Asks: 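Sharing a structure here in structure tokens format.
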Amino acid sequence: MSRWLRNFAWLLALMMVSVACGSDDSAPATTAAPAAAETVPETAATSQPGRLAVIATTTILGDVVANVVGGDARIDVLLPPGADPHDYQISSSQAAMLYDVDLVVVNGLGLEEGLIDVLEAAEADGVHILEVAGQLDPIPFSFEDAHHGEEEGEDGGEDHGDEEEEEGEDHGDEEEEEEGHHGDTSGLDPHFWTDPLRVARAAMLIAEALEAVEPSIDWAARAEAYAATLTELDEEIQDLLAPIPHDNRKLITNHDSLGYFADRYGFEIIGAVIPGGATLADPSSAQLAELVEEIVEEGVKVIFAETIEPTALAEAVAAEAGTDVAVVELHTGSLGEPGTPTDNIVGMLRDNAKRIADALS
């Protein structure tokens with residue numbers, strides 16, 4: 001422990017450099033939906049009278065939407081491939097686009113943290129917004145951010161915390177009824193897409209929302225066909241993961257993003273490099289020291305990092321835990337670049353399963 005604390009200064013500096021390098025303010029304002037789905041060219045939504053226009057916030061949702069709408073709608077995706085949905089800020093031109101489409105599909109449960117105010121304002125002005133994650137039987141995060149909890153206790157004490165919780169619950173219920181796009185104060189996990197069966201249900205929700213906008217098209221038939229593909233993928237993933245011994249089904253992740261995967265396929269999340277369910281928190285030296293101890297005690301051999309975040313901190317933790325601890329990157333918050341096997345959600349989830357199976361078998 002003492003050696004870790006003495007060496008943590010360079011770790012913290014390394015982390016700050018990584019975060020700075022990981023932010024990208026030059027990302028394009030919009031991107032087309034993933035190449036694996038049939039989408040129309042990136043033209044102005046108003047230039048195609050009679051054709052529906054849909055916006056999805058993330059590349060993952062963009063792919064689901066594309067599989068439901070086929071060629072009957074123009075799709076824009078706000079986040080480019082590789083962007084972190086937790087901290088992405090949209091441009092003014094992107095915000096204006098929200099008011100010129102028939103449907104906006106968002107993840108919700110606090111995933112798009114930088115978009116919450118914009119989405120709430122758009123919905124208050126009558127924009128049709130579908131938030132999917134909260135309708136898919138969301139689960140709690142795998143573990144709480146203990147450091148955050150300690151800080152709250154120090155600030156307000158137990159009684160004060162209880163009062164705030166009651167007030168927050170009442171206020172949150174009111175907001176959910178009126179708008180539905182509030183921050184994630186409930187502790188529910190927004191990363192539903194790591195479970196392909198929930199993605200299938202999300203497709204059906206999107207079809208229902210499109211039906212309300214344009215009932216003349218059989219959106220449900222496409223959603224059902226896509227859901228069948230995702231059901232087959234679920235069976236394939238189970239086969240890929242089957243060789244992993246029970247004792248090896250313990251996951252250390254970059255942040256708490258694989259809860260639905262673990263719940264679906266019989267894994268346990270035992271720790272994360274970045275505390276909590278977002279990528280924005282800064283781990284303390286004590287948290288990282290505890291994580292290193294847990295990795296050693298549990299005999300964990302892999303830390304699963306993410307393509308949307310720099311791996312330097314995960315690699316430093318792995319090095320501190322032991323030279324035999326590997327760092328394996330997964331696609332968690334974004335699809336891969338167009339033209340790659342992970343540029344659609346089926347390919348992304350299959351690739352993640354293969355990497356996890358190879359690392360833990």
Side-chain angles (χ1 to χ4, degrees), residues 4 60 136-146 189 191-200 229-277 279 283 287-309 311 313-333 336 341-342 345-361:
W4 170 270
I60 292 167
L136 298 173
D137 298 326
I139 63 176
F141 284 110
S142 302
F143 50 89
E144 295 295 330
D145 180 359
D189 188 344
H191 307 88
F192 74 89
W193 60 86
T194 60
D195 174 1
L197 298 188
R198 279 185 167 87
V199 178
T229 298
L230 290 162
T231 300
E232 292 175 0
L233 173 66
D234 174 65
E235 295 172 356
E236 181 183 349
I237 290 175
Q238 292 186 55
D239 291 340
L240 287 169
L241 300 174
I244 301 175
H246 175 76
D247 291 345
N248 287 4
R249 291 175 175 251
K250 300 173 182 178
L251 303 178
I252 298 286
T253 58
N254 185 60
H255 82 291
D256 197 354
S257 60
L258 294 182
Y260 290 93
F261 171 89
D263 184 66
R264 176 66 190 154
Y265 300 112
F267 288 76
E268 179 185 3
I269 310 291
I270 64 173
V273 176
I274 300 174
T279 57
Q287 287 173 313
L288 292 173
E290 288 175 8
L291 181 62
V292 168
E293 289 181 357
E294 185 146 29
I295 290 172
V296 174
E297 290 174 4
E298 295 286 346
V300 173
K301 300 301 182 185
V302 183
I303 297 174
F304 290 102
E306 304 169 274
T307 58
I308 61 171
E309 289 292 316
T311 62
L313 186 56
E315 290 169 352
V317 170
E320 185 69 18
T323 56
D324 56 346
V325 178
V327 175
V328 174
E329 284 188 279
L330 302 176
H331 285 85
T332 55
T342 59
I345 194 166
V346 171
M348 181 191 81
L349 294 181
R350 179 185 293 118
D351 184 75
N352 283 348
K354 289 179 179 178
R355 293 185 185 209
I356 292 171
D358 289 343
L360 299 179
S361 297

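Since the model is a prediction, treat every value here as computed from it, not as a measurement. For this chain, numbers begin at 1 and follow the sequence in order.
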Asks: Taking ring pair (Phe, Tyr, Trp, His ring centres under 6.0 Å) as the definition, give me every residue that meets it alongside Phe261, ordered by chain and number, with sequence neighbours left out.
Replies: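 With sequence neighbours excluded, Phe261 shows a ring pair (Phe, Tyr, Trp, His ring centres under 6.0 Å) to Tyr265, Phe267, given in chain and number order.
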Asks: Taking side chain as C-beta onward, heavy atoms only, is Ile244 less than 4.5 Å from Ile356?
Replies: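 In contact.
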Asks: Listing request: all salt bridge (Lys or Arg N to Asp or Glu O under 4.0 Å) pairs with a residue in residues 233-244, at least two apart in sequence or in separate chains.
Replies: Asp234-Arg264, Glu236-Arg350
Asks: Please name the pair of heavy atoms, one in Ile237 and one in Pro196, separated by the smallest distance, quoted to 0.1 Å.
Replies: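 For Ile237 and Pro196, the tightest heavy-atom pair comes out as CD1-CG, 4.3 Å.
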Asks: Quick one: salt bridge (Lys or Arg N to Asp or Glu O under 4.0 Å) partners of Asp247, sequence neighbours excluded?
Replies: none
Asks: I need the single residue from Val302, Leu360, Val300 that forms a side-chain contact (heavy atoms from CB on, under 4.5 Å) with Leu251. Which is it?
Replies: Leu360
Asks: Kindly write out the residues that satisfy side chain to side chain donor-acceptor pair (under 3.5 Å) with Asp263, not counting sequence neighbours, or none if the list is empty.
Replies: none
Asks: Do you know which two heavy atoms are closest between Gly333 and Trp193, and how far apart they sit?
Replies: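 Taking every non-hydrogen atom into account, CA-CZ2, 4.1 Å.
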Asks: Is there a side-chain contact between Arg198 and Ile139, using heavy atoms and a 4.5 Å cut-off?
Replies: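 Answer yes - side chains close enough.
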Asks: How long is the gap from NE2 on His331 to OG1 on Thr307, to the nearest 0.5 Å?
Replies: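 So the gap between those two atoms works out to 4.0 Å.
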Asks: List the residues meeting side chain to side chain donor-acceptor pair (under 3.5 Å) with Asp137, not counting sequence neighbours, and say none if there are none.
Replies: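 Residues passing side chain to side chain donor-acceptor pair (under 3.5 Å) with Asp137: Arg201.
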Asks: Taking side chain to side chain contact (heavy atoms under 4.5 Å, CB included) as the definition, give me every residue that meets it alongside Thr332, ordered by chain and number, with sequence neighbours left out.
Replies: Ser257, Leu258, Glu306, Ile308, Leu330
Asks: What's the shortest heavy-atom distance between Val296 and Ala321, and which atoms?
Replies: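 Minimum heavy-atom contact is CG2-O, 3.6 Å.
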Asks: Do Glu320 and Leu288 come within less than 4.5 Å of each other through their side chains, counting heavy atoms only?
Replies: no
Asks: Give the minimum heavy-atom separation between Tyr260 and Pro138, together with the two atoms involved.
Replies: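 The pair with the smallest heavy-atom distance is OH-CA, 3.1 Å.
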Asks: In a check of side-chain contact (heavy atoms from CB on, under 4.5 Å) between Val273 and each of Leu291, Val327, Thr311, which one passes?
Replies: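 With Val273 as partner, side-chain contact (heavy atoms from CB on, under 4.5 Å) holds for just one option, Leu291.
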Asks: Hey, are the side chains of Ile252 and Ile270 touching, using non-hydrogen atoms and a 4.5 Å cut-off?
Replies: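 When only atoms from C-beta onward are counted, Ile270 and Ile252 do touch, with a gap below 4.5 Å.
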Asks: Distance check, rounded to the nearest 0.5 Å: Lys301 atom NZ versus Asn248 atom CG?
Replies: 10.0 Å
Asks: If you take all heavy atoms of His191 and Thr194, which pair is closest and at what distance?
Replies: O-OG1, 3.4 Å
Asks: Side chains of Leu230 and Leu197: closer than 4.5 Å at any heavy-atom pair?
Replies: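 Leu230 vs Leu197: side chains apart.
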Asks: Any non-hydrogen side-chain atom of Asn254 less than 4.5 Å from a side-chain atom of Ile303?
Replies: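 Heavy-atom side-chain distance check fails, nothing below 4.5 Å.
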Asks: Could you note down all residue pairs passing side-chain hydrogen bond (donor to acceptor under 3.5 Å, both in side chains) where residues 352-361 supplies at least one of them, sequence neighbours left out?
Replies: Asp351-Arg355
Asks: Run the salt bridge (Lys or Arg N to Asp or Glu O under 4.0 Å) test against Glu298 and tell me which residues pass, sequence neighbours left out.
Replies: Lys250
